[in-house]
Amino acid sequence: QLVGCPHSGFSTEGCCLLSSRWETCWFKVELSIPPAWAGREVHFVWESDGEGMVWRDAQPVQGLTKEGEKTSYILTRSLKESEPHSLTLYVELACNGLFGAGQGSMIAPPDPDRRVTLSKAELVVFNRDVYELLVDLEILLDMAQLLGEENQRSFQALYTANQMVNVCDVTDPSTFPAARDLAAAIFSQRNGESQHTIHAMGHCHIDSAWLWPYEETVRKCARSWVTVVHLMEHNPELTFACSQAQQFQWVRSCYPGLYTRIQHLAAKGQFIPVGGTWVEMDGNLPSGESMVRQFLQGQRFFQEQFGRICTEFWLPDTFGYSAQLPQLMRGSGIRRFLTQKLSWNLVNSFPHHTFFWEGIDGSQVLTHFPPGDSYGMQGRVAEMLKTVKNNKDKGRVNHSAFLFGFGDGGGGPTQKMLDRMKRMRDTDGLPRVQISTPDQLFSVLEKESSQLCTWVGELFLELHNGTYTTQAQIKKGNRECERILHDVEVLSSLAVAQDSAFQYPASQLQQLWRLLLLNQFHDVLPGSCIQLVVEDALQYYTGEQGVWLGGRSPGAAAPAWWGWGGSSPGSLVLNTLAWERTEVIASPGPGGTETLGMFDLEFLTGKCSALLIVQFEDGSITMENGVIAVCLDTMGRLTSLQLLDSGRESIPDGCYANQFALFDDVPLYWDAWDVMDYHLQTRKPVTTLLQPLEITLAGGLRGSVSFSLQVGKSSTLTQEIILDATCPYLRFLTQVEWKEAHKFLKVEFPVQVRSTNATYEIQFGHLQRPTHWNTSWDWARFEVWAHKWLDLSEHGFGVALLNDCKYGASAHRNVLSLSLLRAPKSPDATADIGHHQFTYAVMPHQGSFQEAGVIQQAYNLNFPLHVVPASRAQCPAWSAFSVSSPAVVLEAVKQAEDRPEAVVVRLYEAHGSTVTAWLQTPLPVKEAMLCDLLERPLAQGRLPLEQQGLRLSFTPFRVLSVLLVWSH
């Protein structure tokens, strides 16, 4: 008997209407097992195109998903008279399948009118003898078909299967054992000692959000993991590797009974936490500090909940991997890495499956790609054979991983997968298959590693490079919230150091960091998710921005010794970076106006050149500030950009910089993910002028001009071009009303620089990529990613592009290009439609970008000075931290996780040089030591407190964390 909850949307036709909030509906299932079934195996069968979960005695007991081949719940394996024959179950049915609710295709936007059909709800007797016989035949037939005519084992398998058919009478179960004995005989013929060993591990990749919202992921975790737990009860050899601390936290909060069972199985070594991060984050776009926090939050969670940190980084489905990750892994207690995503490369086949991966600082981690090129295997013969045949490191290693279980939308392993592999455990002609663990696999790979090759630099995925640009608001929110959390931590740490009564907001910051880290999941920050996920992500960002704008603003954390607060007309300027800055700042004036002032103006007296702006009869305008001089035409394009000291021109004759270009953007399939190389053939310069260039601020400390363009059929772009006194770069404050479909907007800067490589900022450093397309490896990088800056330099001169929230970029020949907006229609039909505001800047420079301070200027653009009311007109200048070398960047200051009386200061070498630097602070420090990224003190890491400060030694791109203990 089935009873649908009356408010669930269940109708008499057996359909459930999908609600706008992805709700579930509940069925009460009253069962009565016939006494005549005594001694039989009885299943409750449920077939629906929606995901379901069986509940029994108020606890989840089994996930149900047709796509994941889980359509039955075993009530009893042999019905006994003492067992209850009548019982009540509840089935929670979601109105979405394993891959969401796309309208017409998997990645289409969700269908608002989707109906889910319950096609079968039955009590059945399960004939296990027939099931086992069918699995035997499946394996034998696959061996016969796939081992090849030249292999005698294929004929042995074929003839054995034929004999089984002859022996077996389907109407006489007594003939089944003889048929099974024939299969057992061939499965028991063993391999030689040299046969490849496959390490099979249960796996269930669950996207924390993708074609479904975060809320649905919580249920997916419970459905999948309770099924795994149920399987382990009857298959004690089963192991299951499971990543993402956030998902464990969800289950802990919402399904405490299930979580307790998971902890028990983890203690037994069956349910194995892996990865060490809060989520499986995007591998390109999060900042260096965000990546540190992914490991810090993840590893601390696993230590607290399971008594151990993870020793393997697990990121099988992310769209490329930053060259700084090896150092971050090593600093977080991890020396092993597993992924498989580079098997998706569209152009070049990656040359290894097992190798050492070396980052930009020289750190190495042992890396393994499962040679079957999947994290969702099903235990079939074909997959085993592919794992061996496809392995690109034959002869170097003889072991590889095999991750089995339905994934992406959850599902996980099934009994049939296990039963298939039991037959292939050690069968002549097939690779040896053993249920294993990540630690067992990597331990044996480490023993075999003497002949392994080394890959240096980034693991670039030659696909999905549209994700550097899609959903621009998510990317802007990420950059803004990274800045907000940085600034709140810096100022709160300094407040504690000066006033022990100040309460550092540790719990609030942890909550905010975890929200930011969640949004860095590899289908959210990249923008490859449905509209509902975008709305959730933006809501989380709004909450974090509210922390800054509301209760945790600088003024709200203001101790009196800083001279904050009060009604005096004085202002205090806060700089959250570790170097002196000279900038024009705007403070609110009467009636909503703004007042401009020069920070550190006294120091500049006599040196601050007046800003000159001149408009000519043809509408062009020149702007000059004593450092650079620019000439703009009526469409806001740069026809000249000169460094005044050298007179060096940056723009080639006849070219226009700040040239907007629109491209057709129609990928082959993955709409939000991909931009294809052929889009470059559709370039159309944006030249439709709506409002010609005009002067909006006529000089003094700041000059600005503005103009408007029509972009495409119905979009508009308005830009204010700003030049500040003494500033080495020209800023472009840009607003776009974007209403396009399958278009890609970029801005281009052709420059008078010749170099075969351009430099791009990445996490805690930078790397070079070619500006030519000599090889397939070169042209596959026609669209790449960068963080706050990219630079093209020849000896003695270069031009840098800075930005405050963009990531997609390219440098081909002498043209620097910044990717601004895309307009995909799947899986979010509204992606990027609406209003956008962003800033980028161009900075010509003498010498190298290191010498010219490009890195610091990009930080300045992203971390603006804060002007707050002061209680007195004159506030003494005060510096909390400074670093003696411009090559070293102080990236973060935060309270230590386990020591409220201490802070962690994180620094990195940014130039690619070996350098010794002094960290100086007037704060009351009584003890200093180096620690790792998990804030564990390093052996011999104690630092002497010297007159000049703390002496720190850096090699190129090295990240150092210093633990400072306050003396009060």
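Computed from a prediction, not measured in an experiment: that's the story for all the values here.
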Under 6.0 Å between the ring centres of [X] and [Y]?
| X | Y | answer |
| --- | --- | --- |
| Trp357 | Phe337 | yes |
| Phe764 | Tyr908 | yes |
| His911 | Phe957 | no |
| Phe295 | Phe313 | yes |

Taking the side chain as C-beta and beyond, is there a heavy-atom pair between [X] and [Y] under 4.5 Å?
| X | Y | value |
| --- | --- | --- |
| Phe838 | Lys476 | no |
| His787 | Trp789 | no |
| Val274 | Cys242 | no |
| Leu952 | Val888 | no |
| Leu366 | Phe442 | yes |
| Trp225 | Phe271 | yes |
| Gln520 | Met291 | no |
| Trp579 | Val889 | yes |

State, without any angle test, whether [X] and [Y] hold a side-chain donor-acceptor pair at a distance under 3.5 Å.
| X | Y | answer |
| --- | --- | --- |
| Asp487 | Thr576 | yes |
| Tyr214 | Ser208 | no |
| Gln294 | Ser290 | no |
| Asp674 | His464 | yes |
| Gln895 | Ser493 | no |
| Ser332 | Gln299 | no |
| Thr454 | Glu358 | no |
| Glu783 | Ser819 | yes |

Partner residues of His836 under the ring pair (Phe, Tyr, Trp, His ring centres under 6.0 Å) criterion, sequence neighbours left out: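 His836 satisfies ring pair (Phe, Tyr, Trp, His ring centres under 6.0 Å) with no residue once adjacent residues are dropped.
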For Arg781, is there an ion pair with Glu458 - N to carboxylate O distance below 4.0 angstrom?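 Answer for the salt bridge query: yes.
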Between Glu489 and Arg293, does at least one N-O distance fall below 4.0 Å, as a salt bridge requires? yes
Between [X] and [Y], is NZ or CZ placed under 6.0 angstrom from the six-membered ring centre and within 45° of the ring axis?
| X | Y | result |
| --- | --- | --- |
| Arg769 | Tyr760 | yes |
| Arg581 | Tyr859 | no |
| Lys341 | Phe319 | no |

Hey, does the side chain of [X] reach the backbone of [Y] with a donor-acceptor pair shorter than 3.5 angstrom?
| X | Y | value |
| --- | --- | --- |
| Asp804 | Thr839 | yes |
| Gln297 | Arg514 | no |
| Ser885 | Ala887 | yes |
| Asn862 | Asn803 | yes |
| Gln247 | Ile206 | yes |
| Arg822 | Thr467 | no |
| Glu482 | Gly477 | no |

What orientation do Phe350 and Phe355 show, parallel under 30°, tilted 30 to 60°, or perpendicular over 60°? tilted
Would you please name every residue forming a salt bridge (Lys or Arg N to Asp or Glu O under 4.0 Å) with Glu909, sequence neighbours left out? none
Under the criterion side-chain hydrogen bond (donor to acceptor under 3.5 Å, both in side chains), which of His486, Glu289, Glu935 is the partner of Lys894? Glu935
Between Leu445 and Thr354, is a side-chain contact (heavy atoms from CB on, under 4.5 Å) present by the stated rule, with each step listed? CA-CA 8 Å; Leu445 290 177; Thr354 306; 4.2 Å; yes
Can you list the steps and then say if Asp898 with Arg300 is a salt bridge (Lys or Arg N to Asp or Glu O under 4.0 Å)? CA-CA 11 Å; Asp898 297 318; Arg300 286 179 61 83; 2.9 Å; yes
Check Ser528 against Ala672 and note the closest heavy-atom contact, atom names and distance.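 Taking Ser528 first and Ala672 second, the nearest heavy atoms are CA-CB, 4.1 Å.
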Given His353, Met201, Gln340, the one that forms side-chain contact (heavy atoms from CB on, under 4.5 Å) with Pro370: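 Among the candidates, only Gln340 passes.
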Separation between CH2 of Trp344 and CG of Asp317, rounded to the nearest 0.5 Å: 6.5 Å
Partners of Arg330 by side chain to side chain contact (heavy atoms under 4.5 Å, CB included), sequence neighbours excluded?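 By the side chain to side chain contact (heavy atoms under 4.5 Å, CB included) rule, Arg330 matches Arg335, Ser363, Val365.
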Using a cut-off of 6.0 Å, state whether more than 12 heavy atoms not belonging to Gln940 lie near its atom CD. no
With a cut-off of 6.0 Å (strictly less than), are more than 12 heavy atoms of other residues, nucleotides or ligands near CD of Glu446? yes
Passes salt bridge (Lys or Arg N to Asp or Glu O under 4.0 Å), Arg336 versus Asp439? Steps please. CA-CA 9 Å; Arg336 303 157 166 180; Asp439 181 62; 2.8 Å; yes
